[in-house]
Amino acid sequence: MKDRYYAGFMQEKPRWMRSLADLRGRLFVFITDAIALIYLWTMVSYCSNTFMFHTKSFVTLPWWVMLLVVIEATALWENFGVSVGMKLLGLRLTSADGSAPSLGDRALRYLTWHFSGLPLVGVVAAKDGQAWHDRLSGLRVVGAEDVETERYPWYRRSWSIALLVLLIVTLVTAMLVTRVDFVKFFTGAPKTGRIWRAFLSPEWSLLGDGIRLLIVTVFMAFMATLFGVLIAVPLSFLAARNLTQGLIGRTVYTIVRGAMSITRSIEPIIWAIIFVVWVRVGAFPGVLALFVHSVADLTKLYSERLESIDPGPVEAIRATGANKLQVIIYGIIPQIINPYLSFTLYRWDINVRMATIIGIVGGGGIGQRLYQYTRLWRWSEAGLLMLLIMIVVWMMDYTSSRLRARLG
Amino acid sequence: MADHLVVEHLTKVYERGDVLALDDISFSVEKGEFLVLIGLSGSGKSTLLRCINRLIEPTAGKVYFDGIDVTAASSRDLRQLRRRMAMIFQQFNLVRRSSVLTNVLSGRLGYVNPWLSATHQFPHSEIKMAMANLERVGIPEQAYKRADELSGGQQQRVGIARALMQTPELLMADEPVSALDPATSHSVMRYLELMNREDGVTVLASLHFLSLARRYGTRILALKDGKIVYEGLPSEIDEARFKEIYGEEAEQVEVH
Amino acid sequence: MAKRPSRLKSTKANSLLTRLGAIRPRLFAFLLDWASWGYVAYAVMFLINRYWFVRYVNFYGTLTLPPWGWPLVVLATLELVVLSHAFGHSIGLSLFGLELLTHSHRFPTVRDRASRYLWWHASALLLPVSLWRSGRECLLLHDVRSKTCMVPLAEVKDELPVTKPRPWYLTNRGLMTVALIGLTFWVGWLTTQINLQRLFSRAPKSAYLWKALVTPDFEHLAMPDPELKDSIMGGMLESIFMALLATIFGGLIAFPLSFLGARNIMGFSPLGWLIFTLARAFFNVFRSIESILWAVVFAVWVGFGPFAGVLALTIHTIAALGKLYSEQVESIDPGPLEAIAATGARRWQVVLYGVIPQIIPSYLAFSLYRWDINVRMSTVIALVGGGGIGRILFYYKGQVGRLSNAWNQVGAVVFTIVAVVWLLDYISGRVREKII
């Protein structure tokens, strides 16, 4: 960092500023470890509550007990081993001469930490990056590359054990929360026999209807993509970091990007619920829902592509005295036309897939009928529609991937 | 039986593109030789080396290694044979994301207990051997780094250490230095020379530059369009021969 | 390397299969153009029906032709394809890189083109015979008679005289593309019943909805709703864990499958080819069915609840990750594999030491990405009984009319979803950047 500036103009940073940077690192490490332990605590509570009391609760003891234990455990962990946070920032604890610290020193540092680290006084008033508890115990925190450490196998490193425990606890909790039941998985299989049999003998008399519904579905995807492209292309220029400079540009960039990422994180089906209330049931709300999601998704893809264009040609065209529009037309558009087309195809592909299910909430297309049939347990009809969906989606997928490969 | 490696009427046709890469090649190598293959790019040097340990299946012809027919070997016997002939590559062919030590140890895969190797565990003696070989090529301190953090010359030395792990009788080097700069080239070539002189490993190396071939080879084999056009001592290649091998427009380039 | 001598060549030059292979691009171009003309015919018929014959057609009411109408349409489109092939450069021809040239590789005159068009009719009837008899790709009957031929453009590019290309609006394919897009837009507008008037006229009516959505009611964010017996956060956690488990299960199953779906691992032996094809077909079929449809089946199988959702997401994850993974396996550097094989290692040792270290980081990245998608999917899978946050969303949506603040509650759920999805997206993006 320092070498990038001319030394003569630089002033020595005041001491509090330097220890502030130090404080940030220490806080990061502490908070990371504490969060890991809190997570462990709540998940273990959940598991034990489920197993012992058959209740579903993430808390066992009052929250302040948990906090106290977690803070103490974090301090112990950071003094007697390499914690997850320390591993992330690549930090190690050593004695002054660079050797591994003795247990006594570690204990001393742990005890003194309560006076200096906990109220943060000793860290803010640190000298040479050494907090009070560092100086009192004669230990210091250094980068991992500065010390010769013995290479322990993974089962003797506290951070890797901690990660493993976290993983296992997460898995167990996840299985409890989602009520994974493999017994039911195997005993329940015969119940679906009827479905599979019906799928094997689809109701062919529905073919004509199915194809017509499929046509509507594909058109829904097409309209949504087309409208989406028309809006997303101009928006993408406003959402590219390298094209939006200055205060106004930055503001526009932030607003567009933010709005798009919010829109994108709401599934089209949820959008369809809103639009069904707005414009009533039919294919139209489905198109609108897909359109909104497409705009958000395409703007993101497009603008990311815009951000990675080669600045060379742009510079060259600007050097000829071209204005902003000319720069876009001659320097930028030739670079992005193929990627844009390929993203559009990709999105169309997704839209077809989405259009097949958006009918579930009243968004029209083949999904609406399919959902009705499954509700009525008419699996032969559902099987036929599913078969049609499979064929169309597969065809779309194949053509669009071939075309995209050609576009490069 | 005197000959270590015998190649008889070796022919390779690449189905795709109808290319005749090797056209009826026959030669033999004695134990302890440093045989250098020279020729233009695409003259079939790489194909020839890969046909000897059957990384590429030859179309016709025979290869005998210590009297054993390599071309007729079952896949089990082939693995036994490959253990005895190590290979190093132009692009080093290290697993870039694995550590240097793992890369070197992978040279031992033909020897170790396969079930143990499935868990990435190697016996202590093997690890010691790997460290000793890294010591030998002068980069013991790099053992725990990732392979792609090393420079080209260092990566090729890892490749040599991997080959050394096989305790080979024959070392095949496929343009080992053409991705390196001249100074590094010589240091890598010197390790090959050392293996040849001290361990008595027969070396079969393909090289781009005639000057390197002259400096290190005890015998030279020149390929052109898949045929042998010259076989003899390095010192015997004069201007006329050179033009014959490399074409009329070629100039001799020295690598110091 | 030397060109292979002729004695080794031409063992199969004359087989029917080769000849079929040679006219394959021509055939495909023809079929593609036929399909696009057929599509134009469909669209035109649809529009005629919509505007002239029946006032209120059903959206698929295009198929009201007399019995002789269908053969007529087929023949008419066929003629149009042949015309566009003989007199211009159609979409199909340019996609498959073909160019109509005379036998001496010059551009044909209008006379040549007309004779080609006429001769084609005779040739089409005799196609099997002429294909059987002709020796090379260029010698179908109408090729011979009109002294013109479809030539792969890549082969003759250098011989052709340089001509100024026509502007796109004067070329066959440019006009056709515009027509296709325009007709699709027109027909699409009608079939999907787009009604902008309704969109705007009802906008004030939907205002209350938006107002409620942006003033969310977070009453049950952490406090369980007594009727639902769950809180929003509980539901969100359920969704996240559903996605996590589905990703882990799916990833574990997709991992071994991905090697079966990789060309470079399976090789070209008949068995390898069979396994490869089966694996890829499996991925494609299962990927094409949205997980929400799987949830319907699994809700019957294991009962309503998050487990059904997990299973549904798992199936889709296996297929999606399997495809991504196997493409990743196909793109690895083959050098290290060669080197490890040369040390005398077994095939599976080569995979273990050469392939897996190369693919682990991108596998992790893809799995993270998939987790992201799964969280998003798990927000809606409850619609068919899959559990997760969607259960709460649709519960409150169902309370509209019963509870005065139902939409505000929906708003709270949507806000939570947005926050969590956005956060996960951000974190997984950062981590993925770091891994690769």
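Computed from a predicted model, the values in this text were never measured in an experiment. Chain A is the first sequence line, chain B the second, and so forth, proteins listed ahead of strands; every chain is numbered from 1.
Looking at A:Met223, the atoms closer than 4.5 Å to chain C (heavy atoms on both sides) all sit in the side chain, from C-beta outward. Looking at A:Ile274, the atoms closer than 4.5 Å to chain C (heavy atoms on both sides) sit in the backbone and in the side chain alike. Heavy atoms closer than 4.5 Å to chain A are found in the side chain of C:Phe394, but not in its backbone. Contacts of C:Ile240 with chain A are absent, with no heavy-atom separation under 4.5 Å from either backbone or side chain. A:Ile215 touches chain C through its side chain: at least one heavy atom from C-beta onward sits under 4.5 Å away, while N, CA, C and O do not. Interface remark: A:Leu288 contributes side-chain atoms only to the contact with chain C (heavy atom separation under 4.5 Å). With a threshold of 4.5 angstrom between heavy atoms, C:Tyr426 does not approach chain A through any atom at all. When heavy atoms are compared at a cutoff of 4.5 Å, A:Tyr371 approaches chain C solely by way of its side chain, counted from C-beta outward. Interface residue A:Met175: backbone and side-chain heavy atoms are both found under 4.5 Å from chain C. With a threshold of 4.5 angstrom between heavy atoms, C:Val300 approaches chain A through its backbone and through its side chain. For C:Val414, the part lying under 4.5 angstrom from a heavy atom of chain A is the side chain only. The contact between C:Trp189 and chain A is made by backbone and side chain atoms together, counting heavy-atom distances below 4.5 Å. Contact annotation for A:Val287: only side-chain heavy atoms (C-beta onward) come within less than 4.5 Å of a heavy atom of chain C. Residue A:Thr187 does not touch chain C at all, counting heavy-atom pairs closer than 4.5 Å. Residue C:Ser288 touches chain A through both its backbone and its side chain, counting heavy-atom pairs closer than 4.5 Å.
Of all residues spanning residues 382-389 of chain C, those with a heavy atom less than 4.5 Å away from chain A's heavy atoms are C:Leu383, C:Val384, arranged by number. Within residues 289-296 of chain C, the residues having any heavy atom closer than 4.5 Å to a heavy atom of chain A are C:Ile289, C:Glu290, C:Ile292, C:Leu293, C:Trp294, C:Val296, listed by residue number.
Among the candidates A:Thr374, A:Ile273, A:Thr173, the residue making the largest number of heavy-atom pairs closer than 4.5 Å to chain C is A:Ile273. Interface summary for chain C: among A:Arg179, A:Lys191, A:Arg194, the most heavy-atom pairs under 4.5 angstrom belong to A:Arg179. Comparing C:Leu199, C:Ile248, C:Leu311 by how many heavy-atom pairs each has under 4.5 Å with chain A, the most go to C:Leu199. Comparing A:Ile266, A:Asp397, A:Thr263 by heavy-atom pairs within less than 4.5 Å of chain C, the highest count is held by A:Asp397.
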Show every donor-acceptor pair shorter than 3.5 Å between a side-chain atom in residues 415-425 of chain C and any protein atom, with sequence neighbours excluded, or say none if there are none.
unit_1   : atom_1 : unit_2   : atom_2 : d
C:Thr416 : OG1    : C:Ala412 : O      : 2.7
C:Trp422 : NE1    : A:Ser261 : OG     : 3.3
C:Asp425 : OD2    : A:Arg264 : NH2    : 3.3

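Using modelled atom types, one side-chain atom of C:Arg202 and one backbone atom of A:Trp278 make a donor-acceptor pair closer than 3.5 Å.
Using a 4.5 Å heavy-atom cutoff, the side chains of C:Leu237 and A:Tyr46 are not in contact.
Taking the ring-ring contact (aromatic ring centres under 6.0 Å, His included) definition, one finds that C:Trp301 meets it with A:Phe185, C:Phe298, sequence neighbours left out.
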